[in-house]
Amino acid sequence: MPELPEVQTVRQTLKNFILGKTIKDIEIYHQNIVVGDADEFTRRLKGQTIIDIDRVGKYLIFILSKDAFVSHLRMEGKYNIIEEPTPINKHEHVVFIFDDGTQLRYHDTRKFGRMELVDKDRYRDELPLAKLGPEPQEARVGDVYDKIHRSSLAIKTLLLDQHIMAGIGNIYANEICFEMGINPKMPGNKLSKKRVEQLIEVSKEILTEAIKQGGTTIHSFDANGVSGLFQTKLKVHTQKECPTCKGAITKEMVNGRGTYYCKKCQRR
DNA sequence: ACGTCCTCCTGTTCGC
DNA sequence: TGCGAACAGGAGGACG
C-alpha cells in the first residue's frame with residue numbers, strides 16, 4: 001500500500017496521537033508480524049514511553065525511552081487508533097495498550113508487514129535500513145547515475161529498487177515515468193546523466209506534492225480515517241485516458257507490477 | 001554479481 | 001450468477 005508520502009502521513013497522524021504515551025502492554029495475535037522473538041518484543045517494550053516517530057523511506061521508526069523498533073507496512077498495513085473500547089478485528093495483529101487506556105492496533109489483511117527491534121542510536125546503520133539508498137530529496141546525481149547507468153533493467157524497475165533511491169513505490173514510479181515522458185521499459189543504461197538529474201527532480205516534485213495532499217488513497221488505505229487526496233491528481237496510474245493526448249493508457253506488467261503509461265507521450 | 005521468479009497472505013475484481 | 005484466475009501502494013530469498 002503505502003509509499004513514502006503515505007508513510008509520512010501516517011507518521012504525522014501517529015505522532016499527534018501517541019507521543020508521550022507509555023506502553024502498558026502489548027498483545028500479539030500473529031507472531032509472524034514481529035521479526036525475531038515476539039515475547040522478547042513485548043517484554044522489552046513494555047513500560048517504555050514513545051519519544052518520537054521517525055521515517056526512513058517507507059519505514060517508520062518508533063523511538064522509545066530505551067529501545068526502538070522499525071515498522072514496515074508493506075502492501076496493506078495500517079495503524080488504527082483506538083480511543084473507545086471496541087472488539088478486536090480479525091486483521092488487527094499487534095495491539096499496543098497505553099497507560100491512559102487508549103490503544104494503537106496494527107491492522108494488516110495480508111500479513112505482509114513487519115516490525116523489528118532495532119538499536120535506538122544506530123538504526124540507520126543496521127538492517128533493515130542500512131542498505132536503503134537516499135530519498136530523492138537527498139539523492140546525489142552522480143551516485144544515482146552510477147547505479148542506473150550500469151543496469152539494463154527497465155527504468156521503472158530501477159525506480160522501485162530501494163537500494164538506489166528509497167521511498168518510491170508502484171504508484172509514484174508510474175507517475176514519475178509519465179512526468180518524464182519516458183517509457184517505463186526504457187533500459188536504465190540508455191539514460192544520460194542529464195536525464196537522471198531530471199528523474200531525481202521529478203521524483204522530488206511528485207513526492208512533495210503527494211505529501212502535501214496527504215498521500216494517495218486507493219482501495220482502503222487511509223491514515224486513521226484521514227484519506228489522502230493525491231489520487232485525484234494521478235495522471236496514469238489506474239487511469240484510462242492520457243491527460244495530455246487523450247489517447248488510451250496502456251497497462252502491462254513490468255517486473256510483475258502493474259504498469260500504466262501512454263505509448264504516445266512516453267517514448268523518450 | 002545480476003536478473004527473474006516465487007513467496008509471504010487475504011480480499012476484490014475480472015473474465016469466461 | 002457462479003467460480004476460478006488474476007491482481008493489489010512491497011520486498012527478501014532462491015535459483016540459474
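None of these values were measured; they are calculated from a predicted model. Naming convention: chains lettered A, B, ... in sequence-line order (proteins, then strands); numbering from 1 in each chain.
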If you measure from the [atom1] atom in [N] to the same atom in [M], how many Å do you get, rounded?
{"N": "B:dA1", "M": "C:dA11", "atom1": "P", "value": "22 Å"}
{"N": "C:dA5", "M": "B:dT7", "atom1": "P", "value": "16 Å"}
{"N": "B:dC9", "M": "C:dC3", "atom1": "P", "value": "27 Å"}
{"N": "C:dA8", "M": "B:dG3", "atom1": "C1'", "value": "24 Å"}
{"N": "B:dG11", "M": "C:dT1", "atom1": "P", "value": "24 Å"}

Is any NZ, NE, NH1 or NH2 atom of the basic residue among [X] and [Y] found under 4.0 Å from an Asp or Glu carboxylate oxygen of the other?
{"X": "A:Lys204", "Y": "A:Glu201", "value": "yes"}
{"X": "A:Arg122", "Y": "A:Asp125", "value": "no"}
{"X": "A:Asp25", "Y": "A:Lys46", "value": "yes"}
{"X": "A:Glu179", "Y": "A:Lys235", "value": "yes"}
{"X": "A:Asp100", "Y": "A:Lys24", "value": "no"}

What's the closest nucleotide to the side chain of [X] if the choices are [options]?
{"X": "A:Arg110", "options": "C:dA11, B:dG3, B:dC9", "answer": "B:dC9"}
{"X": "A:Met75", "options": "C:dA8, C:dA11, B:dC9", "answer": "C:dA8"}
{"X": "A:Lys90", "options": "B:dC9, C:dA11, B:dG11", "answer": "B:dG11"}

Taking [atom1] from [X] and [atom2] from [N], how many angstroms apart are they, rounded to a whole number?
{"X": "A:Arg74", "N": "B:dC9", "atom1": "CZ", "atom2": "P", "answer": "12 Å"}
{"X": "A:Ile168", "N": "C:dA11", "atom1": "CD1", "atom2": "C1'", "answer": "15 Å"}
{"X": "A:Leu73", "N": "B:dC9", "atom1": "CG", "atom2": "P", "answer": "18 Å"}
{"X": "A:Met165", "N": "C:dA11", "atom1": "CE", "atom2": "P", "answer": "14 Å"}
{"X": "A:His30", "N": "B:dC8", "atom1": "NE2", "atom2": "P", "answer": "12 Å"}
{"X": "A:Arg114", "N": "B:dT7", "atom1": "CZ", "atom2": "P", "answer": "16 Å"}
{"X": "A:Leu127", "N": "C:dG13", "atom1": "CG", "atom2": "P", "answer": "9 Å"}
{"X": "A:Asn32", "N": "B:dC8", "atom1": "CG", "atom2": "C1'", "answer": "9 Å"}

Below 4.0 angstrom from OP1 or OP2 of [N], is there any side-chain N or O of [X]?
{"X": "A:His91", "N": "B:dT10", "result": "no"}
{"X": "A:Lys131", "N": "C:dG12", "result": "no"}
{"X": "A:Lys251", "N": "C:dA6", "result": "no"}

Quiz item: Parallel, tilted or perpendicular: which fits the ring planes of A:His91 and A:His93, with parallel below 30° and perpendicular above 60°?
Solution: perpendicular
Quiz item: Which of parallel (below 30°), tilted (30 to 60°) and perpendicular (above 60°) describes A:His72 and A:Tyr59?
Solution: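 Perpendicular, since the angle between the ring planes exceeds 60°.
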Quiz item: Checking side-chain hydrogen bond (donor to acceptor under 3.5 Å, both in side chains) against A:Gln8, which of A:Lys58, A:Arg55, A:Glu3 comes through?
Solution: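 That would be A:Arg55.
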Exercise. Would you mind classifying the nucleic acid contact of A:Gly258 as base, sugar-phosphate or nothing, using non-hydrogen atoms under 4.0 angstrom?
Key: sugar-phosphate
Quiz item: With Watson-Crick and G-U wobble geometry limited to distances under 3.5 Å, how should the secondary structure of DNA chain C be encoded in dot-bracket form, using | for bases paired to another strand and [ ] for crossing pairs?
Solution: .|||||||.|||||||
Exercise. Kindly compute the distance separating CG (A:Leu129) from OH (A:Tyr123), expressed to the nearest 0.5 Å.
Key: 8.0 Å
Quiz item: What is the distance from atom CG of A:Leu207 to atom CG of A:Leu4, rounded to the nearest 0.5 Å?
Solution: 5.5 Å
Self-check item: Ring-base stacking, A:Phe112 with B:dC8 (5.5 Å, 30° cut-offs)
Solution: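 A stacking contact exists, since A:Phe112 sits close and nearly parallel to the base ring of B:dC8.
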Exercise. Identify, between A:Tyr59 and A:Gly256, the residue whose nearest nucleotide on DNA chain C lies closer to the 5' end.
Key: A:Gly256
Quiz item: Would you call A:Tyr261 and A:Glu252 a side-chain contact if the rule is heavy atoms closer than 4.5 Å?
Solution: yes
Practice problem: Nearest-nucleotide wise, let me know which of A:Thr109 and A:Leu153 is further upstream toward the 5' end of DNA chain B. | Solution: A:Leu153
Practice problem: Can you sort out which residues in residues 156-164 of chain A have a heavy atom within less than 4.0 Å of DNA chain C? Ascending by number, please. | Solution: A:Gln162
